[in-house]
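The structure under discussion appears below in the form of structure tokens.
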Amino acid sequence: MGRAERKAEAREEIVRREQHRERRRQISRILHKPATERSPGERQLLQNYGELVQELERQRQRRERLRGREQEAAAIPDYRGPSGVWTLLNKGQSVSTGDLSEAEPTFTHMCIARLHRAGLVQHVVSQNCDGLHLRSGLPRDATSEVHGNMYIEVCTSCSPHREYVRLFDVTERTALHKHNTGRFCHKCGGELRDSIVHFGERGKLAQPLNWVGAVKAAKKANVILCLGSSLKILKKYHCLWGMNRPSSRRPRLYIVNLQQNHSAQGLTKI
């Protein structure tokens with residue numbers, strides 16, 4: 001093929017692409033109209049380009065799913081993000097607290113649960129108290145809720161400790177160093193306590209904190225995926241990061257976080 005033929009072919013390809021883009025824009029405009037307002041010519045055009053209509057419809061559905069996931073995640077407040085609880089409090093602004101009992105596992109929660117079922121994730125260590133990892137289907141022995149679970153209260157008078165999993169927030173009467181919930185064990189009559197670990201406290205409950213499971217999994221890990229955390233708290237727990245191992249034998253750590261993480265210098269950030 002000569003130079004002139006190649007140029008002519010390139011021009012034709014450019015024209016075809018532009019025609020295709022214009023056709024997509026035209027079909028997209030028609031699809032944005034209510035079906036009752038489309039002209040006979042527009043309805044015929046949609047029929048003639050059925051594959052393109054299906055492609056645009058799939059893209060629209062994907063965008064809606066993504067928006068739904070963003071709204072879903074936005075319903076669960078973080079702590080140190082731009083609109084996080086601690087960020088707003090430090091600025092002297094009020095914090096609106098929604099009812100987390102109505103929250104559902106997000107797309108990310110469900111993906112982690114799916115990865116666990118596929119054998120790609122062995123254990124999940126969570127700083128959140130919302131219980132959403134358990135609601136996503138993760139088994140208890142594969143989960144460490146190291147700051148507690150706001151839906152679990154415990155009788156420490158029973159041996160072994162007896163757990164009560166509720167559909168409501170059990171912390172409405174509890175606070176720092178005040179963990180009794182005001183309810184009592186149906187077996188021994190002992191007063192129940194929440195499982196929350198506040199700042200300045202050291203969690204002593206075996207479950208749902210499950211530090212034993214977390215440390216055991218960390219010792220076996222070759223990769224750690226850190227999702228949505230500033231690491232300002234958990235970085236202090238060296239047992240989770242393999243810091244007692246030679247550097248060449250430590251697990252690879254990947255951090256996926258919307259906010260800048262200044263404490264993760266030299267690590268892989270996504």
Spatial distance of atom [atom1] ([X]) from atom [atom2] ([Y]) [nearest 0.5 Å]:
X: Asn210; Y: Arg140; atom1: CG; atom2: CZ; answer: 8.0 Å
X: Ile27; Y: Glu22; atom1: CD1; atom2: CD; answer: 10.5 Å
X: Leu240; Y: Leu253; atom1: CG; atom2: CG; answer: 11.0 Å
X: Arg17; Y: Ile14; atom1: CZ; atom2: CD1; answer: 7.5 Å
X: Leu227; Y: Ile255; atom1: CG; atom2: CD1; answer: 10.5 Å
X: Leu132; Y: Thr108; atom1: CG; atom2: OG1; answer: 11.0 Å

Joint cluster assignment, [X] & [Y], ILVMFWY side-chain distance < 4.5 Å:
X: Met110; Y: Ile112; answer: no
X: Ile196; Y: Leu192; answer: no
X: Val121; Y: Val223; answer: yes
X: Tyr237; Y: Val197; answer: yes
X: Leu176; Y: Val154; answer: no

Could you tell me whether a side-chain N or O of [X] sits under 3.5 Å from a main-chain N or O of [Y], the two making a donor and an acceptor?
X: Glu191; Y: Thr181; answer: no
X: Tyr151; Y: Tyr164; answer: no
X: Glu201; Y: His198; answer: yes
X: Gln54; Y: Glu51; answer: no
X: Thr171; Y: Thr174; answer: no
X: Ser136; Y: His133; answer: yes
X: His179; Y: Asp194; answer: no

Do we see a donor-acceptor contact under 3.5 Å between the side chains of [X] and [Y]?
X: Thr143; Y: His123; result: no
X: Arg29; Y: Gln26; result: no
X: Arg38; Y: Gln44; result: no
X: Glu145; Y: Ser126; result: no
X: Arg252; Y: Tyr254; result: yes

Close side-chain approach of [X] and [Y], heavy atoms under 4.5 Å:
X: Tyr49; Y: Arg23; value: yes
X: Gln207; Y: His161; value: no
X: Asn149; Y: Asp130; value: no
X: Gln59; Y: Arg24; value: yes
X: Arg183; Y: Val170; value: yes
X: Pro139; Y: His116; value: yes

Could [X] and [Y] be called an ion pair, given the rule that one side-chain N must be under 4.0 Å from one carboxylate O?
X: Arg6; Y: Glu9; result: no
X: Glu153; Y: Arg193; result: no
X: Arg135; Y: Glu104; result: no
X: Arg166; Y: Glu172; result: no

Within 6.0 Å of CZ in Arg249, more than 12 heavy atoms from elsewhere: no
More than 12 heavy atoms from other groups under 6.0 Å of NE2 on His177: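 It does: His177 NE2 has more than 12 such atoms within range.
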Lys216 and Lys219: CA distance, side-chain angles, deciding distance, side-chain contact (heavy atoms from CB on, under 4.5 Å) verdict: CA-CA 5 Å; Lys216 183 179 179 181; Lys219 288 180 179 178; 5.9 Å; no
Work out which heavy atom in [X] is nearest to a heavy atom in [Y]; give both atom names and the distance.
X: Cys185; Y: Cys155; value: CB-SG, 3.6 Å
X: Gly182; Y: Arg173; value: CA-NH1, 3.9 Å
X: Ile152; Y: Pro208; value: CD1-CB, 4.1 Å
X: Pro251; Y: Ala221; value: CB-O, 3.5 Å
X: Val125; Y: Ala214; value: CG2-CB, 3.8 Å
X: Gly189; Y: Phe184; value: O-CD2, 3.5 Å

Derivation of the side-chain contact (heavy atoms from CB on, under 4.5 Å) call for Glu42 and Leu46: CA-CA 6 Å; Glu42 289 173 337; Leu46 295 181; 5.7 Å; no
Evaluation steps, side-chain contact (heavy atoms from CB on, under 4.5 Å), between His20 and Arg16: CA-CA 6 Å; His20 181 70; Arg16 282 196 297 269; over 6 Å; no
Verdict with reasoning, Glu55 to Arg58, per salt bridge (charged side-chain N to carboxylate O under 4.0 Å, His left out): CA-CA 5 Å; Glu55 179 186 345; Arg58 286 194 296 268; 5.5 Å; no
